There are 2 protein chains.
Amino acid sequence: MDSSAALVIFRKALEKFVVFNEAEWIVFTQHLTFSTLKKKQYFAAYDKVCDKVAFIVTGSVRYFHIKDGQDITGYFSFENEWVSSYKSYLTNQPSLTYIQALEDTRLINISKKDMDAMLNNPLLAYKMERFGRLIAEHYLCCYEDRVASFITQSPEERYLNLLSTGREILQRMPQHYIANFLGITPVSLSRIRRRLILAK
Amino acid sequence: MDSSAALVIFRKALEKFVVFNEAEWIVFTQHLTFSTLKKKQYFAAYDKVCDKVAFIVTGSVRYFHIKDGQDITGYFSFENEWVSSYKSYLTNQPSLTYIQALEDTRLINISKKDMDAMLNNPLLAYKMERFGRLIAEHYLCCYEDRVASFITQSPEERYLNLLSTGREILQRMPQHYIANFLGITPVSLSRIRRRLILAK
DNA sequence: CCAAAACGTTAACTTAAGATAAGAATTTTT
DNA sequence: AAAAATTCTTATCTTAAGTTAACGTTTTGG
């Protein structure tokens, strides 16, 4: 797949949030950069400012923390989704999480510098504000559900819930990543799975 | 405190996000409504669409879920902060949480209808998009930290962390609310506190 | 001002999760 | 193809959390 094919996919995905006319699109695309990450390469790292957001054309990434020498998975993003260490990007503070490619991954990047330029360019400003609003709101909704699951559900319930709605993650991720994602250890998840099989 | 005093406070708080000129401010304020909640009155309720966001002039609110007949506190908002069942507001879906006044509370409301009107009013559209973006981004950062705390910290660590940064919540909220907020039961929090006292 | 409700702690018991280690199966790397 | 690393399960032991109930204290509301 070449860059122009990637742009077609990207434009289509963007249109869920904002629709550009041709003049706007030309300027917008001048602020994009293409890149690839080899499997295990880092998109963001602990203690470094993450100065970009990116759209995943193909591939996937894993967000993780290191705590007491242990690798704890917090989230995943797949093709057609966005990736960034958002708080770091938004605040210019060092990232608390690592983000690593799970497989060879093609990205379309918008650097903070380019985003700010677009937000200050009268031709694009309005639509970029709108785009920023809608995408932040989209992820806000995801987070709201995720926090609610930690408050109101047991680890087993969170797993059952993931079973019923999280096909892609379940099929593509090793179980110890999923365990961390659910807020428990891999050993615990294995036991939960055992319990569920026996109860069935 | 009368409405105009409340508006002064509100305008000042808003200016962290967006600054209105006088003409814009006049139109903007026409889209606001003032209201009060008596202690224990609801701002939002389970299964009802929350069709507004509000700024808390004075008072405070508690977000909670009911699960198996039990009341589980998820969050708090205090004066000078915003309150909404955001996902419900943004998506027009029924709210999953109740939001209740903890004390008599004065609010400045923006209904979804008014917000949409402003987003479609050329005089305000740009600044309202910007405002929406910045506020969603602000809460996104809060959520990012909160999710990370559930993934990477034990209940005791979350409590210690709250001790060091959450003065207002700790001083004003009963402990069983705080326990739920941390993702544990009131009995558990009481034991954690006991352990910490003994260890000291 | 009194009765009722709410609050925080403690205890006893049950259940589940964390830590660690071992081992088998699978995958990746060289 | 062999070696190394990863993955998942299982077992043991320890620790902590959930559940329920009781009790004294404080707060609230009529």
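Just so it is clear, the structure is predicted and the values come from calculations on it, not from any experiment.
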Determine whether more than 12 heavy atoms belonging to other residues, nucleotides or ligands lie under 6.0 Å from atom [atom1] of [X].
| X | atom1 | answer |
| --- | --- | --- |
| Y46(B) | OH | no |
| K67(B) | NZ | yes |
| E157(A) | CD | yes |

* side chain to side chain donor-acceptor pair (under 3.5 Å) partners of S85(B), counting only residues at least two apart -> S95(B)
* To do: Considering just the side-chain nitrogens and oxygens of R193(A), establish if one lies under 4.0 Å of OP1 or OP2 belonging to dT9(D).
  =>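 The answer is yes; a side-chain N or O of R193(A) sits under 4.0 Å from OP1 or OP2.
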What's the [atom1]-[atom2] distance between [X] and [N], to the nearest Å?
| X | N | atom1 | atom2 | result |
| --- | --- | --- | --- | --- |
| L196(B) | dG8(C) | CG | C1' | 16 Å |
| K39(A) | dA5(D) | NZ | C1' | 12 Å |
| Q70(B) | dA6(C) | CD | P | 14 Å |
| L160(A) | dA16(C) | CG | P | 13 Å |
| R62(B) | dA6(C) | CZ | C1' | 12 Å |
| E103(A) | dT28(C) | CD | P | 12 Å |
| I178(A) | dT9(D) | CD1 | C1' | 15 Å |
| D71(A) | dT6(D) | CG | C1' | 12 Å |

What nitrogen or oxygen pairs link the protein and nucleotides 16-18 of chain D at under 3.5 Å?
unit_1: dA17(D); atom_1: OP2; unit_2: R195(B); atom_2: NH2; d: 3.2
unit_1: dG18(D); atom_1: OP2; unit_2: T185(B); atom_2: N; d: 3.3
unit_1: dG18(D); atom_1: OP2; unit_2: T185(B); atom_2: OG1; d: 3.0
unit_1: dG18(D); atom_1: OP2; unit_2: S188(B); atom_2: OG; d: 2.7
unit_1: dG18(D); atom_1: N7; unit_2: R191(B); atom_2: NH2; d: 2.8
unit_1: dG18(D); atom_1: O6; unit_2: R191(B); atom_2: NH1; d: 3.1

* Would you please classify the geometry between the F131(A) ring and the F17(A) ring as parallel, tilted or perpendicular, with 30° and 60° separating the classes? => perpendicular
* **Contact check, side chains of V53(A) and I135(A), non-hydrogen atoms, under 4.5 Å** =>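 In short, these two side chains do not touch, never coming nearer than 4.5 Å.
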* **Six-ring centre of Y143(B), K87(A) cation under 6.0 angstrom, axis tolerance 45°** =>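 Cation-pi check for K87(A) and Y143(B): fails.
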* Salt-bridge present (R130(A), E24(A); N to O < 4.0 Å) -> no
* Each residue besides I26(A) in its hydrophobic cluster should be listed here, by chain and number; the cluster joins Ile, Leu, Val, Met, Phe, Trp and Tyr at side-chain heavy-atom distances under 4.5 Å. =>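 Reading the cluster by chain and number, I26(A) sits alone, since nothing else belongs.
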* Restricting to pairs with a member in residues 83-123 of chain A, which pass ring-ring contact (aromatic ring centres under 6.0 Å, His included), not counting sequence neighbours? -> Y42(A)-Y98(A), F64(A)-Y98(A), Y86(A)-Y139(A)
* Identified side-chain hydrogen bond (donor to acceptor under 3.5 Å, both in side chains) partner of E156(A) from the options R195(A), R191(A), R193(A) -> R195(A)
* **DNA chain C contacts among residues 164-176 of chain B, heavy-atom distance under 4.0 Å** => P174(B), Q175(B), H176(B)
* **Axis bend over the full length of the helix from dC1(C)-dG30(D) to dT30(C)-dA1(D), computed from five pairs that close each end, to 10 degrees** =>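 Here the helix ends are tilted 70° relative to one another.
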